[in-house]
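Below: one structure, written as structure tokens.
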Amino acid sequence: MLLLRSLPIAKHGRMQGIFYRNAAGCVQNKAHRHVREQGRQLTSKSAPVPDEADVVVVGGGIIGSSVAYHLAKLGKGKREVLLLERDQLTSGTTWHAAGLMVTFGSLSETSTEFRKYTKKLYSTILEEETGQSTGFKPCGFIELATNADRLEEFRRIATFNRYCGVEVEELSAQQVQDKFPLCNIDDVLAGFY
């Protein structure tokens, strides 16, 4: 469960807080019931930020939100995690990358597994846990090779990613343009989708 809270912060406005709690330790207040029943996030100026939490995460971008979510989940209700954000969740630099989630591109098995897990988290796990769609719509990603060195590098990455279970398709320049008609393919040797 989560609560959004407000914390006055000097001249910088208000700090938003999301407070994860187990069902047995539920805080009984209107804001909490509204969040739980409506499945929406809200800020409540009347609901104070808890005096204590086992873990406090500062920054509600994609990383801070993920860290708070996973710590709360690992705690299985035994750990209280407070997430503080100066504005709305993901309103900082995270919004610049909204929608950019790729599994292609890494030669690290650990990084590739994180990428695969994140895709699964947004496409199925969160909706199964919460009953709410994340709105995640995978549309694909094309990495363009415009010189021989890049082509060799992307082929190496594609081979490794396939080994890790990531579907990667090498496209001709024309296939790239078929998938993305606005792309100028004059110098494209291949694309990796």
Side-chain angles (χ1 to χ4, degrees), residues 1-106 108-139 141 166:
M1 293 200 194
L2 54 99
L3 294 173
L4 281 179
R5 303 287 198 217
S6 293
L7 175 66
I9 301 293
K11 296 178 182 177
H12 303 291
R14 303 188 75 78
M15 195 71 122
Q16 310 294 325
I18 297 180
F19 190 61
Y20 293 85
R21 262 202 191 199
N22 64 343
C26 243
V27 174
Q28 296 300 313
N29 64 48
K30 282 185 177 179
H32 184 263
R33 285 193 300 275
H34 185 75
V35 170
R36 185 178 64 229
E37 292 169 6
Q38 300 300 321
R40 297 186 340 204
Q41 296 178 349
L42 62 98
T43 300
S44 172
K45 293 178 183 175
S46 62
V49 173
D51 292 331
E52 296 181 19
D54 296 316
V55 178
V56 177
V57 178
V58 178
I62 191 68
I63 294 173
S65 297
S66 180
V67 166
Y69 164 79
H70 286 93
L71 285 173
K73 189 172 179 176
L74 284 172
K76 297 182 173 123
K78 297 175 185 166
R79 177 180 293 149
E80 293 180 344
V81 178
L82 177 65
L83 173 60
L84 298 175
E85 167 57 44
R86 67 175 176 80
D87 197 12
Q88 294 179 4
L89 290 179
T90 70
S91 65
T93 56
T94 291
W95 76 268
H96 291 285
L100 297 178
M101 182 185 305
V102 298
T103 49
F104 179 80
S106 178
S108 159
E109 194 165 352
T110 302
S111 176
T112 302
E113 289 304 316
F114 273 128
R115 293 167 185 227
K116 288 168 44 182
Y117 167 73
T118 301
K119 183 177 179 182
K120 185 175 179 181
L121 178 70
Y122 285 111
S123 59
T124 60
I125 296 172
L126 287 174
E127 186 168 353
E128 289 169 1
E129 286 183 5
T130 66
Q132 288 186 315
S133 171
T134 62
F136 177 66
K137 294 181 179 15
C139 61
F141 174 85
V166 176

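The side-chain contact (heavy atoms from CB on, under 4.5 Å) check on Thr130 picks up Gln132, with sequence neighbours excluded. Every residue two or more places apart in sequence or in another chain that forms a side-chain contact (heavy atoms from CB on, under 4.5 Å) with Val55 is listed here: Val57, Leu71, Arg79, Val81. In terms of the side-chain hydrogen bond (donor to acceptor under 3.5 Å, both in side chains) criterion, Thr112 has no residue partners (sequence neighbours excluded). The side-chain hydrogen bond (donor to acceptor under 3.5 Å, both in side chains) search around Lys116 returns Glu113, not counting sequence neighbours. In terms of the ring pair (Phe, Tyr, Trp, His ring centres under 6.0 Å) criterion, residue partners of Tyr117 (sequence neighbours excluded) are, by chain and number, His70.
More than 12 heavy atoms of other residues, nucleotides or ligands sit less than 6.0 Å from atom CZ of Phe141. Around atom CD1 of Ile63, no more than 12 heavy atoms belonging to other residues, nucleotides or ligands sit under 6.0 Å away.
Closest heavy-atom contact between Leu83 and Gly60: CD1-CA, 4.0 Å.
Counting heavy atoms from C-beta on, the side chains of Pro50 and Glu80 never come closer than 4.5 Å. The closest side-chain heavy-atom distance from Leu121 to Tyr69 is below 4.5 Å. Taking the side chain as every heavy atom from C-beta outward, Phe136 and Lys119 approach each other to under 4.5 Å.
Within the structure, salt bridge (Lys or Arg N to Asp or Glu O under 4.0 Å) pairs that include any residue of residues 58-68 do not occur (at least two apart or interchain). Listed by first then second residue, pairs satisfying salt bridge (Lys or Arg N to Asp or Glu O under 4.0 Å) with a partner in residues 120-136 read Lys73-Glu129, not counting sequence neighbours.
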